[in-house]
Enquirer: 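Encoded as structure tokens, here's the structure I'll be asking about.
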Amino acid sequence: MTTTLSIEDTERLVASTLQRADVGPAQAASVAHALVTAEAVGQGGHGLRRIPAYSGQAKVKKVDGHASPVIEMSRAATMRVDAAEGFAYPAFDLAIERAPAIVAETGVLAIGVRNSHHAGVLGLTVERFAEKGLVALMMANAPSAMAAWGGTKGVFGTNPIAFATPLPDADPVVIDLSLSKVARGKVMAAKQKGAAIPEGWALDKDGNPTTDADAALAGTMVPVGDAKGAALALMVEMLSAGLTGSNFAYEASSLFDDKGAPPRLGQFILVLDPKAIGGANALHRLGGLAAMIGQEPGVRLPGRRGLEARRKAASTGLAIEDDVMAMIEAV
């Protein structure tokens with residue numbers, strides 16, 4: 001069974017739930033918008049199922065629900081954002097607010113976020129830059145979930161990468177991918193439902209394939225593209241954690257429970273003015289490429305499915321599973 005709520009009512013429900021867990025009103029609104037939007041685009045593992053963990057962590061100050069991010073411009077085109085051991089979303093909101101004016105002058109902006117938390121659906125963050133006419137590339141590290149190729153010890157997170165670009169007279173292209181074969185949030189969702197996971201997603205602590213969600217969470221995720229995915233995860237770890245001064249994956253506490261110190265994760269964002277890089281015709285060239293690809297039957301440009309799902313949810317509401325409602329009410 002499910003309960004159907006409008007996007008606005010769901011955001012109010014989530015925000016009030018977080019405030020009961022000692023999250024400030026502004027911070028709760030930012031987090032609620034991110035979680036509900038993730039749910040609306042079909043990314044439930046980064047959506048409402050995160051509420052029990054977020055709330056539990058806020059109650060014990062593993063994440064500071066009242067933290068306000070702080071920006072430092074270390075150079076004309078380099079921004080340091082201290083999330084202050086709070087939720088990541090207010091830090092992203094602040095960077096997105098400040099970036100356009102800076103990029104209008106410099107043509108480019110590199111953003112390093114430190115002392116941060118779960119980055120959620122990166123595609124939703126880079127899409128917000130694209131809505132302002134900017135191209136954005138983003139990556140984030142996460143607590144240990146994936147081994148170096150050939151190993152069994154988790155040294156990387158699932159370390160997602162996302163990219164978005166505006167297009168003339170069309171919805172933006174949004175690419176969002178985890179460097180594990182699936183996001184670890186899908187394993188968490190399977191655990192909550194008491195369901196098995198498909199073979200090929202994860203390995204147990206001894207490096208053996210498993211379909212058991214508990215064994216998968218105690219073990220490691222399988223990288224997409226095998227050795228190539230593990231190499232990309234190393235790149236993300238270096239940019240998002242190494243350069244920003246954040247915890248590496250193996251130093252960060254879990255995002256799934258309320259035990260341990262704040263995770264202090266990092267995110268790296270590169271924002272570009274397409275006209276500054278490619279001239280006045282840059283977006284038309286990108287639009288031409290997207291149109292050519294989209295003409296072929298059966299081809300869907302990245303980001304379109306999630307956008308369609310969000311528009312449907314805005315029209316008909318969100319169908320929230322009973323076990324998720326029960327988890328929210330239990331907070």
Enquirer: Test of understanding: with side-chain contact (heavy atoms from CB on, under 4.5 Å), list the residues that count as partners of Ala130, not counting sequence neighbours.
Expert: Ala164, Pro166, Pro172

Enquirer: Check for a donor-acceptor pair, side chain of Ser240 on one end and backbone N or O of Asn141 on the other, with a separation under 3.5 Å.
Expert: yes

Enquirer: Counting N and O atoms only, with roles assigned by atom type, does the side chain of Arg80 sit under 3.5 Å from a partner on the main chain of Met73, one being a donor and the other an acceptor?
Expert: no

Enquirer: Looking only at atom types and distance, does a side-chain atom of Arg264 sit under 3.5 Å from a main-chain N or O of Gly245, one as donor and one as acceptor?
Expert: no

Enquirer: In terms of hydrophobic clusters joined by side-chain contacts under 4.5 Å, are Phe268 and Leu179 together?
Expert: yes

Enquirer: Does one hydrophobic cluster hold both Leu234 and Met221, with members joined at side-chain heavy-atom distances below 4.5 Å?
Expert: no

Enquirer: Report the C-alpha separation of Ile7 and Thr37 in whole Å, then their side-chain angles, then the decisive distance to 0.1 Å, and conclude whether the side-chain contact (heavy atoms from CB on, under 4.5 Å) test is met.
Expert: CA-CA 8 Å; Ile7 296 290; Thr37 306; over 6 Å; no

Enquirer: If I compare all heavy atoms of Ser55 with all of Thr17, which pair ends up nearest, and what's the gap?
Expert: OG-CG2, 4.5 Å

Enquirer: Between Asp22 (side chain only) and Ala58 (backbone N and O only), is there a donor and an acceptor less than 3.5 Å apart?
Expert: no

Enquirer: To the nearest 0.5 angstrom, please state how far the CG atom of Asn115 sits from the CG atom of Asp82.
Expert: 4.5 Å

Enquirer: Taking His66's backbone N and O only, do any of them form a donor-acceptor pair with Gln27's side chain (distance below 3.5 Å, no angle check)?
Expert: yes

Enquirer: Among Ile, Leu, Val, Met, Phe, Trp and Tyr joined by side-chain contacts under 4.5 Å, find the other residues sharing a cluster with Leu203 and list them by chain and number.
Expert: Val222

Enquirer: Using side-chain contact (heavy atoms from CB on, under 4.5 Å) as the criterion, list what pairs up with Gln295, not counting sequence neighbours.
Expert: none

Enquirer: Flag yes if Val81 and Leu239 sit in one hydrophobic cluster, no otherwise; membership is Ile, Leu, Val, Met, Phe, Trp, Tyr, and two members link when side-chain heavy atoms are under 4.5 Å apart.
Expert: no

Enquirer: For Phe87, check ring pair (Phe, Tyr, Trp, His ring centres under 6.0 Å) against everything at least two apart and list the hits.
Expert: Tyr54, His117

Enquirer: Would you say Lys59 has more than 12 foreign heavy atoms packed within less than 6.0 Å of its NZ?
Expert: yes

Enquirer: Answer yes or no: does atom NZ of Lys61 have more than 12 heavy-atom neighbours from other residues, nucleotides or ligands under 6.0 Å?
Expert: yes

Enquirer: If the condition is side-chain contact (heavy atoms from CB on, under 4.5 Å), which residues does Ser6 pass it with, not counting sequence neighbours?
Expert: Glu8, Asp9

Enquirer: Check for a donor-acceptor pair, side chain of Thr244 on one end and backbone N or O of Arg114 on the other, with a separation under 3.5 Å.
Expert: no

Enquirer: Any donor-acceptor pair under 3.5 Å linking the side chain of Asp206 with the backbone of Asn208?
Expert: no

Enquirer: If you measure from CG on Leu35 to OG on Ser30, what distance do you get to the nearest 0.5 Å?
Expert: 9.5 Å

Enquirer: If only atom types and distance count, is the side chain of Ser246 paired as donor or acceptor with the main-chain N or O of Ala241 below 3.5 Å?
Expert: no

Enquirer: If Ile, Leu, Val, Met, Phe, Trp and Tyr residues are connected whenever their side-chain heavy atoms lie under 4.5 Å apart, and connections chain through other members, are Ile277 and Leu109 in the same group?
Expert: no

Enquirer: Hey, what's the ring geometry for Phe92 with Tyr89, parallel, tilted or perpendicular (30° and 60° as the breaks)?
Expert: perpendicular

Enquirer: Counting neighbours of CD on Glu308 that are heavy atoms of other residues, nucleotides or ligands and sit closer than 6.0 Å, is the number greater than 12?
Expert: yes

Enquirer: I need the Arg310 CZ to Gln43 CD distance, nearest 0.5 Å.
Expert: 11.5 Å

Enquirer: For atom CZ of Arg20, decide whether the heavy atoms of other residues, nucleotides or ligands shown that lie under 6.0 angstrom number more than 12.
Expert: yes

Enquirer: So, does Ser144 use its side chain to make a donor-acceptor pair with the main chain of Ala249 at under 3.5 Å?
Expert: yes

Enquirer: Partners of Pro25 by side-chain contact (heavy atoms from CB on, under 4.5 Å), sequence neighbours excluded?
Expert: Gln19

Enquirer: To the nearest 0.5 Å, tell me how far Arg49 CZ sits from Ile328 CD1.
Expert: 10.0 Å

Enquirer: Following the transitive rule for hydrophobic clusters with a side-chain heavy-atom cut-off under 4.5 Å over Ile, Leu, Val, Met, Phe, Trp and Tyr, establish whether Val113 and Val108 coincide in one cluster.
Expert: no

Enquirer: Check this for me: Glu72, atom CD, are more than 12 non-hydrogen atoms of other residues, nucleotides or ligands nearer than 6.0 Å?
Expert: yes

Enquirer: Return the OG1 to CG distance between Thr3 and Leu318, rounded to the nearest 0.5 Å.
Expert: 11.5 Å

Enquirer: Could you measure the distance from the CG atom of Leu124 to the CG atom of Leu307? Nearest 0.5 Å is fine.
Expert: 10.0 Å

Enquirer: Is the backbone N or O of Asp257 less than 3.5 Å from a side-chain atom of Lys62, with the two atoms forming a donor-acceptor pair by type?
Expert: yes

